[in-house]
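Read the structure below first, then the notes.
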Amino acid sequence: MTDLDALQRDALAAVAAAEDLDDLERVRVTFTGKRSELAAAQKGMGSLDADERRRRGQALNAFRQAFTSAFDERHEQLSDAALRARLEAERLDLTLPPRRVPPGRPHLLTQVEHEILDVFIGMGYRVAEGPEAESGTYNFDMLNIEPNHPARQEMDTIYVDGFDDVVLRTHTSPVQARVMTAEEPPIAVVCPGRTYRADAVDATHSPVFSQVEGLVIAEDVTMADLRGTLLAFARSLFGADRQIRLRPSFFPFTEPSAEVDVSFEGSAGNHGWLEILGAGMVDPNVLAACGVDGDRFRGFAFGIGIERVAMLRHGVHDIRELFDADARFLARF
Ligand code: DAH
């Protein structure tokens, strides 16, 4: 019959000698598993008489208890050691400098476009957009620009090859024609977007540029409303102390038309006027072409050059800087 005292000594020695949790698990299987001496000793119990069986049973229990408590204690020690080893292995060096990822931000032109739109959205305007590849009908005809009108040549139109009557829009004004055609007054929209002209690149010209068009159509709109609106716009963007000045001008789609200047005071005591946009009362021919009842409704419109406003506001002297993607320039805004 198994000598339980000897077995217990061997088992506890093996538990104490286990070097890690796997090792300890093997010790458990060896001494208490299905094919262990302990299991064999238990099976042999059936052939004992009652007294012997009781004593043997107690001895087996004592062995199991001694083994379990030694096992649990060793298990805890080895788990702690394993955790400490893992933490040590996964230690992070917090003194390493992080990799620097410079934060991105909207381009200056996008920032200025959003500022402009925000001013008008604050006055109740909606934003409307139209296509950059536009039909000549919307870009010219519906805006009262006749085929032989000098404005058509002046605008240095870029035509789209392979299509009849498709141009890269020379201004955002066709969007007003689209809105008037599709919607009933009252209308108040601002229309931002890219515009194109076959201009040679220099400090003040780029073949790609951008505008924000504005259009208001309602029953009793006057030139005074236009002036008040543009004054509020100029003051939001350039400063509360600014004045505006309307100079008589000509655009085929407005009558009367004006070029609008904003006042400035230079630091050297110089002062004067800077042109910021074109505007006017929507020409009756345009209302008619777009299906608006000119006896009932009037409207005003304006067109703002985004590059020009950005350059005036931020002291940029060469339009090319807005398109060069030079990180040193872009980082300034
Ligand atoms: N479309 C004109 C241009 O690109 C700008 C403009 C002037 C728009 C007067 C208007 C306006 O709506 O009323 O030069």
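Everything numeric here is computed off the predicted structure, so don't read it as measured data. Counting starts at 1 for both ligands and their atoms, following the listed order.
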Here the atoms of ligand 1 under 4.0 Å from any heavy atom belonging to Glu213 are 8 (C), 10 (C), 12 (O)

Review point. Do we see a donor-acceptor contact under 3.5 Å between the side chains of Arg74 and Gln77?
Key: yes

By side chain to side chain contact (heavy atoms under 4.5 Å, CB included), Asp72 pairs with (sequence neighbours left out) Thr68

Requested in this report: Please confirm whether Tyr159 and Phe163 have ring centers closer than 6.0 angstrom.
Outcome: no

For Gly280, the atoms of ligand 1 under 4.0 Å from one of its heavy atoms are 13 (O)

Residue pairs passing the ring-ring contact (aromatic ring centres under 6.0 Å, His included) test with at least one member in residues 106-128, sequence neighbours excluded, are Phe120-Tyr125, Phe120-Phe233, Phe120-Phe302

One finds that the ligand 1 atoms under 4.0 Å from a non-hydrogen atom of Ser173 are 1 (N), 8 (C)

Check this for me - ligand 1, Gln211, N or O atoms closer than 3.5 angstrom, yes or no? yes

Near Arg197 (heavy-atom distance under 4.0 Å), the atoms of ligand 1 are 3 (C), 4 (O), 14 (O)

Any salt bridge between Glu213 and Arg178, counting N to O under 4.0 Å?
no

Is there at least one pair of N or O atoms, one from Ala301 and one from ligand 1, spaced under 3.5 Å apart? yes

Note: ligand 1 atoms sitting under 4.0 Å from heavy atoms of Phe253 are 1 (N), 2 (C), 6 (C), 7 (C), 8 (C), 9 (C), 10 (C), 11 (C)

- Task: Give a yes or no on whether a salt bridge exists between Arg247 and Glu275, defined as a side-chain N under 4.0 angstrom from a carboxylate O.
- Result: yes

Here the atoms of ligand 1 under 4.0 Å from any heavy atom belonging to Gly303 are 6 (C), 8 (C), 10 (C), 12 (O)

When you check the side-chain N and O atoms of Gln243 and Ser263, is any donor under 3.5 Å from an acceptor?
no

Note: ligand 1 atoms sitting under 4.0 Å from heavy atoms of Gln176 are 12 (O)

Note: ligand 1 atoms sitting under 4.0 Å from heavy atoms of Thr254 are 13 (O)

